[in-house]
Amino acid sequence: MSLLKETLESGKFAVTTEMAPPKGTDLSHLLECAKPLVGRVHAANVTDFQSAVMRTTSLATCKLLKDAGLEPVLQMTGRDRNRIAIQGEMLSAGVFGINNMLALTGDHTVVGDHPQAKGVFDLDCVGILQTAGTLISGKDMVGNELKGSPEFYLGASVTPEYTPIEVQLLKMQKKINAGARFFQTQAIYDIEHMREFRRLTKDMDCKVLAGIVPLKSPGMAKFMTANVPGIFVPDDQIERLRAAGKENWVSEGIKMAGEFIKQLKEEGLCDGVHIMAIGAEENVPAILDAAGL
């Protein structure tokens, strides 16, 4: 059984993190970052051509992390594969014993480093979840019997800060109906917004892991608020970071992330957290320390 599934379904507070494969074949830094996380996090997501940028695949990186003792979460987007390739990738994950998968529709290719690439989008997030359920049942999408089937604990994403929130709630329910059992949220910084999101989703048949992205600078915070849909950093947090001084921005951001995780856990506002260090995976242990995890 998936450790992530066992943890969440038993009511324990789960911790996941995110690993971004490099653009190239040298994964030594990523694997070094993974070592201190073994036994400290329940699973690590491996991004699937994050932001439509060409990199080493999620599947290959998941296999290496699993071999290193860290439970992986395969990410699967619909942008780059048709339904044949998506099913084949899922079966390959099953061969490697990868038991967690997060389904995403995927960013459009125009935002990435190969804007001339053609997006596929044969299946969206809901379609990917439904397809995974079909494979788990022992058949492919057209009803052919499989010789061995994968086992997945299925997840999806959600944006608590999205306006109107009703749109996200409808999408969440569609994803749950399609098989999603856990959700990892977009980065959230406002405790009041998380309280409201918990109130709105507490009766849904799923687990929610709050997305944590440590702030690295006041500029980063202001940029995300202005340019990334669904992210809002309160002014008092930006001011606290600025007051810490440039030389302390990273350490103060880690401290703030740790404090926020503690508050989320103490108030029972989520079932776990998903820590996204965004290119600074080496800082995840310090975030865990700051959170007392």
Side-chain angles (χ1 to χ4, degrees), residues 13 15-24 26-42 44-47 50-51 53 55 61 65 68 70 111-113 159-161 184-194 209-267 269-270 272-293:
F13 193 80
V15 180
T16 60
T17 188
E18 187 170 275
M19 296 281 186
K23 181 182 277 291
D26 182 2
L27 273 72
S28 57
H29 176 69
L30 183 144
L31 292 174
E32 280 300 312
C33 291
K35 286 180 181 178
L37 299 180
V38 175
R40 295 200 68 184
V41 302
H42 298 102
N45 285 40
V46 180
T47 56
Q50 184 178 15
S51 302
V53 172
R55 306 166 182 268
T61 308
L65 289 180
L70 189 59
V111 305
D113 65 346
T159 305
E161 299 274 12
Q184 293 169 330
T185 81
Q186 174 66 283
I188 189 160
Y189 299 90
D190 191 308
I191 197 69
E192 288 297 335
H193 291 172
M194 196 62 198
L209 286 78
I212 305 296
V213 175
L215 298 172
K216 299 176 184 177
S217 71
M220 170 192 175
K222 294 175 74 173
F223 176 85
M224 290 196 302
T225 297
N227 297 283
V228 182
I231 290 187
F232 168 71
V233 184
D235 289 339
D236 63 327
Q237 294 189 33
I238 298 175
E239 185 53 40
R240 174 177 167 179
L241 203 60
R242 183 182 291 110
K246 186 174 182 178
E247 67 280 6
N248 298 314
W249 283 348
V250 172
S251 60
E252 189 67 16
I254 289 172
K255 183 179 179 182
M256 291 165 64
E259 291 172 0
F260 193 62
I261 292 170
K262 281 183 180 179
Q263 188 172 9
L264 289 169
K265 185 179 181 183
E266 288 170 0
E267 294 191 28
L269 299 181
C270 54
V273 289
H274 178 55
I275 301 171
M276 298 168 278
I278 308 182
E281 288 84 359
E282 65 275 8
N283 290 338
V284 174
I287 298 166
L288 295 173
D289 290 343
L293 298 172

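Side-chain contact check for N45 versus M276: every heavy-atom pair is 4.5 Å or farther apart. For the pair L37 and M19, the minimum side-chain heavy-atom distance is below 4.5 Å. Residues N283 and K216 form no side-chain contact, since every pair of their non-hydrogen atoms from C-beta on lies 4.5 Å or further apart. No side-chain heavy atom of T17 sits less than 4.5 Å from a side-chain heavy atom of I287.
Heavy atoms only, all atoms of each residue included: I188 and A210 are closest at CG2-CB, 4.4 Å. Across all non-hydrogen atoms, the minimal contact from A20 to L30 is O-CD1, 3.4 Å. Nearest heavy atoms, V273 versus C270: CG1-SG, 4.4 Å. Here the closest non-hydrogen pair linking T159 and G230 is CG2-CA, 3.5 Å. The two residues R55 and P22 make their nearest non-hydrogen contact at CB-O, 3.5 Å. Across all non-hydrogen atoms, the minimal contact from P214 to A277 is CD-CA, 4.3 Å.
The pair E259-K262 does not count as a salt bridge, with every side-chain nitrogen at least 4.0 angstrom from each carboxylate oxygen. In this structure, D289 pairs ionically with R40, as a charged nitrogen and a carboxylate oxygen lie closer than 4.0 Å.
Annotation: ring pair (Phe, Tyr, Trp, His ring centres under 6.0 Å) contacts involving residues 240-265, sequence neighbours excluded, are absent.
Under the rule for a salt bridge (Lys or Arg N to Asp or Glu O under 4.0 Å), the partners of E267 that lie at least two apart in sequence or sit in another chain are R195. Residues forming a ring-ring contact (aromatic ring centres under 6.0 Å, His included) with H29 (at least two apart in sequence, or on another chain): none.
L269 contributes atom CG, which lies 7.5 Å from atom CD of Q263 (distance to the nearest 0.5 angstrom). Between atom NE2 of residue H42 and atom CG of residue L70 there is a gap of 11.5 Å, rounded to the nearest 0.5 Å. To the nearest 0.5 Å, atoms CD1 (I191) and CG (L264) are separated by 4.5 Å. Residue M224 holds its CE atom at 6.5 Å from CD1 of I278, rounded to the nearest 0.5 Å. One finds the CD atom of Q186 at 9.5 Å from the CD atom of E161 (value rounded to the nearest 0.5 Å). For the atom pair CG of L31 and CG of L65, the computed distance is 6.5 Å after rounding to the nearest 0.5 Å.
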- Task: Carefully, step by step, assess I275 and I261 under the rule side chain to side chain contact (heavy atoms under 4.5 Å, CB included).
- Result: CA-CA 10 Å; I275 301 171; I261 292 170; 4.2 Å; yes

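Partner E18 forms a side chain to side chain contact (heavy atoms under 4.5 Å, CB included) with one of V46, I212, T47 and no other, that one being T47. In summary, of the residues considered (L241, I238, D190), a side chain to side chain contact (heavy atoms under 4.5 Å, CB included) with V233 occurs for I238 alone.
Heavy-atom neighbours of K265 NZ from other residues, nucleotides or ligands within 6.0 Å: at or below the threshold of 12. By the 6.0 Å contact criterion, CG on D236 is enclosed, its count of non-hydrogen atoms from other residues, nucleotides or ligands being greater than 12. Heavy-atom contacts from other residues, nucleotides or ligands closer than 6.0 Å to NZ of K35 number 12 or fewer.
Within the 3.5 Å criterion, the main-chain N or O of G211 finds no donor-acceptor partner in the side chain of H274. Not one N or O on the side chain of R242 forms a donor-acceptor pair closer than 3.5 Å with the backbone of P218. In this structure, the side chain of Q237 engages the main chain of Y189 through a donor-acceptor pair within 3.5 Å.
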